[in-house]
Chemist: 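Quick one: structure below, then a few questions.
Residues take their numbers from the sequence shown, with the count starting at 1. Any value given below was found using the heavy atoms of this structure, including those in side chains, with hydrogens, waters and symmetry copies removed.
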Amino acid sequence: MSEFSTAERLNEKPLKTLDELCQKILAYYPNADIKLIEKAYLFSEGMHEGQIRRSGEPYISHPLSVAGILADLKLDLDSIATGLLHDTVEDTKATIDDVRREFGDTIAQLVDGVTKLSKMEFKTSTERQGENIRKMIVAMGKDVRVILVKLADRLHNMRTLHHMPYVKQARIAQETLEIYCPLASRMGISSLKIELEDLSFRYLHPDFYYQLAQKVKGQEKDQEHYINDVKSMILKELSKAGFKDVDIQGRSKHLWSIYRKMKNRSIDFEQVNDVLAFRVLVDTVSQCYEVLGLMHSLWKPIPGRFKDFIAMPKANNYQSLHTTVIGPEAERIEIQIRTKEMHMIAERGI
């Protein structure tokens, strides 16, 4: 799973209007039946009328934001409509029969699945991990979109968690880290997993989080120059070898990933020497291996740090070549090499 920073995440700017949602959908699905989305929005808005979020915003802001996250993942209209409707049966006078009558069996089944998942309660960590994941997987077997909507719901709740009481913040963050992050990982949606991890980290270990965020921010200017230099060197090397349509990205790894390295190795931030990661996107599998050879001829690879997830994909279908090399100024840098199709699957998963 990739470990890139916030720059790779889903759009964190919340949607304010139905029109914004429709434009987001039409950008990747020009022939979409927007009337379905409009109908779902108006139904949800009507049912949630008078309800207010802890933030002081009208409740409709939450399902609208959930639908926006699903649209960022470029999901189908039934999923996005479910995002708009997902709390109507649980939190309003609407029944599942009302939803079925208005929107048909498929959307009714999706809303019912999300409602049942939302009602699960678990007392202990072990029970929460085992039982919740087991039931989620059962639900996923019926329709994986139930899980996708629930993940989007959890992501928006985590983005607005600062409005909740402190005790609830810690409990919800722990549950997110134990259940929803592994679930997003299992489904191969790195953009979701990374943001959920960092948000959980922020509420579980706020002191560490803000200290680390400050240290990473303090290095940003130097890192930006370094990243640009390395990208230029990679591009020059690939251009010499005849590569033309190549996408090269460079980022600092996300905070939870850095924190885990510090904790697992019992080291300080200053001792974490592979904070930077680069990604090279090409067109074909054979080009991936060719780029690998070029990177190893350009910089010395570190023994034991090469992983071939193309020949042996992860269980969630993640494919990429990973190598760590001694880059310029003797800095350790991780390089991920994959095709553009592999990258799309890694970011958006199932």
Chemist: Do you reckon Leu199 sits in the same ILVMFWY cluster as Leu73, going by side-chain contacts under 4.5 Å, direct or chained?
Modeler: yes
Chemist: Does a donor on one side chain sit under 3.5 Å from an acceptor on the other, for Arg338 and Gln336?
Modeler: yes
Chemist: Are the side chains of Thr176 and Asn157 in touch, meaning some heavy atoms are under 4.5 Å apart?
Modeler: no
Chemist: Quick one: do Ile194 and Met344 end up in the same hydrophobic cluster if we chain Ile, Leu, Val, Met, Phe, Trp and Tyr together by side-chain heavy atoms under 4.5 Å apart?
Modeler: no
Chemist: Any idea which heavy atoms bring Gly68 and Leu15 closest together, and the distance?
Modeler: CA-CD1, 3.5 Å
Chemist: What are the two closest non-hydrogen atoms of Leu85 and Ala40, and how far apart are they?
Modeler: CD2-O, 3.6 Å
Chemist: Is it the case that atom CD in Gln214 sees more than 12 heavy atoms from other parts of the structure closer than 6.0 Å?
Modeler: no
Chemist: Any chance you could measure Lys217, atom NZ, to Tyr210, atom OH, to the nearest 0.5 Å?
Modeler: 13.5 Å
Chemist: Under a 3.5 Å threshold, yes or no: a donor from one side chain and an acceptor from the other, between Arg145 and Thr82?
Modeler: no
Chemist: If you group Ile, Leu, Val, Met, Phe, Trp and Tyr whenever their side-chain heavy atoms sit less than 4.5 Å apart, what else falls in with Ile326?
Modeler: Ile302
Chemist: Do Glu102 and Ile107 make a side-chain contact, defined as non-hydrogen atoms from C-beta onward lying under 4.5 Å apart?
Modeler: no
Chemist: How close do Leu298 and Met233 get, heavy atom to heavy atom, and via which atoms?
Modeler: CD2-O, 4.3 Å
Chemist: Evaluate Phe103 against Val111 for side-chain contact (heavy atoms from CB on, under 4.5 Å), listing each step before the verdict.
Modeler: CA-CA 10 Å; Phe103 300 98; Val111 171; over 6 Å; no
Chemist: In sequence, state the C-alpha distance, the side-chain angles, and the governing distance for Glu197 and Ser257, and then conclude on side-chain contact (heavy atoms from CB on, under 4.5 Å).
Modeler: CA-CA 9 Å; Glu197 285 179 341; Ser257 171; 6.0 Å; no
Chemist: For a side chain to side chain donor-acceptor pair (under 3.5 Å) check, start with the C-alpha distance between Arg53 and Thr160, then their side-chain angles and the critical distance, and finish with the verdict.
Modeler: CA-CA 10 Å; Arg53 296 267 289 172; Thr160 55; 3.0 Å; yes
Chemist: Once you round to the nearest 0.5 Å, how far does NZ of Lys231 lie from CD of Gln249?
Modeler: 7.5 Å
Chemist: State, with a plain yes or no, whether a side-chain heavy atom of Ile60 is found less than 4.5 Å away from one of Tyr41.
Modeler: yes
Chemist: Would you kindly say whether Thr95 and Asp98 are connected by a side-chain donor-acceptor distance under 3.5 Å?
Modeler: yes
Chemist: Using only heavy-atom distances, determine whether the side chains of Asp87 and His48 contain a donor-acceptor pair under 3.5 Å.
Modeler: no
Chemist: Supply the atom-to-atom distance Met158 CE to Glu195 CD, rounded to the nearest 0.5 angstrom.
Modeler: 9.5 Å
Chemist: Show, in sequence, the C-alpha distance, side-chain angles and deciding distance for Phe243 and Val280, and conclude whether the side-chain contact (heavy atoms from CB on, under 4.5 Å) test is met.
Modeler: CA-CA 11 Å; Phe243 283 84; Val280 181; over 6 Å; no
Chemist: Do Tyr209 and Tyr203 come within less than 4.5 Å of each other through their side chains, counting heavy atoms only?
Modeler: no
Chemist: Tell me whether the count of non-hydrogen atoms from other residues, nucleotides or ligands lying under 6.0 Å of NZ in Lys307 goes above 12.
Modeler: no
Chemist: Charged N to carboxylate O under 4.0 angstrom, Glu57 versus Lys16?
Modeler: yes
Chemist: Hey, does the side chain of Gln271 reach the backbone of Asp268 with a donor-acceptor pair shorter than 3.5 angstrom?
Modeler: yes
Chemist: Can you tell whether the side chains of Lys35 and Glu38 come within less than 4.0 Å, N to carboxylate O?
Modeler: no
Chemist: Charged N to carboxylate O under 4.0 angstrom, Asp97 versus Arg101?
Modeler: no
Chemist: May I ask you to test the Lys193-Ile189 pair for a side-chain heavy-atom distance under 4.5 Å?
Modeler: no
Chemist: Could you tell me whether the side chain of Ile25 reaches within less than 4.5 Å of the side chain of Ile37, counting heavy atoms only?
Modeler: yes
Chemist: Taking all non-hydrogen atoms of both residues, which atom of Ser252 and which atom of Val216 are closest, and how far apart?
Modeler: OG-CG1, 4.1 Å
Chemist: Please say whether more than 12 non-hydrogen atoms of neighbouring residues, nucleotides or ligands are located less than 6.0 Å from CD in Glu90.
Modeler: yes
Chemist: Can you label the angle between the Phe309 ring and the His322 ring as parallel, tilted or perpendicular, going by 30° and 60°?
Modeler: perpendicular
Chemist: Ile96 and Phe43: same hydrophobic cluster, using ILVMFWY side-chain contacts below 4.5 Å?
Modeler: yes
Chemist: Using a strict threshold of under 4.0 Å (side-chain N to carboxylate O), is an ion pair present between Glu20 and Lys24?
Modeler: no
Chemist: For Gln51, does the CD atom have more than 12 heavy-atom neighbours from other residues, nucleotides or ligands under 6.0 Å away?
Modeler: yes
Chemist: Do Leu238 and Met295 come within less than 4.5 Å of each other through their side chains, counting heavy atoms only?
Modeler: yes
Chemist: What I'd like to find out is whether the side chain of Val89 reaches to under 4.5 Å of the side chain of Asp112, using heavy atoms alone.
Modeler: no
Chemist: Any side-chain to backbone donor/acceptor pair from Asp153 onto Val149? Under 3.5 Å, distance only.
Modeler: no
Chemist: Around Gln219, counting heavy atoms of other residues, nucleotides and ligands shown, do more than 12 lie under 6.0 Å from its CD?
Modeler: yes
Chemist: Working to the nearest 0.5 Å, report the span between OG of Ser79 and CD1 of Ile69.
Modeler: 13.5 Å
Chemist: Give a yes or no answer on whether the side chain of His225 reaches the backbone of Asp222 with a donor-acceptor pair at less than 3.5 Å.
Modeler: no
Chemist: Answer yes or no: are there more than 12 heavy-atom neighbours, outside Phe269 itself, under 6.0 Å from its atom CZ?
Modeler: yes
Chemist: State yes or no: do Ile52 and Leu64 share one hydrophobic cluster built from I, L, V, M, F, W and Y residues joined by side-chain heavy-atom distances below 4.5 Å, directly or via other members?
Modeler: no
Chemist: Do Leu281 and Leu292 share a hydrophobic cluster (ILVMFWY, side-chain heavy atoms under 4.5 Å, transitive)?
Modeler: no
Chemist: Once you round to the nearest 0.5 Å, how far does NE2 of His62 lie from OH of Tyr59?
Modeler: 4.5 Å
Chemist: What do the steps show when you test Met342 against Val285 for side-chain contact (heavy atoms from CB on, under 4.5 Å), and what is the final call?
Modeler: CA-CA 10 Å; Met342 290 172 189; Val285 171; 3.8 Å; yes
Chemist: Taking all heavy atoms of Leu36 and all of Asp78, pick out the closest pair and write down the distance.
Modeler: CD2-OD1, 4.0 Å
Chemist: So for atom NZ, which belongs to Lys340, do other residues, nucleotides or ligands contribute more than 12 heavy atoms lying within a distance under 6.0 Å?
Modeler: yes
Chemist: Heavy atoms only: give me the nearest Ala311-Tyr289 pair and the separation to one decimal.
Modeler: N-OH, 3.8 Å
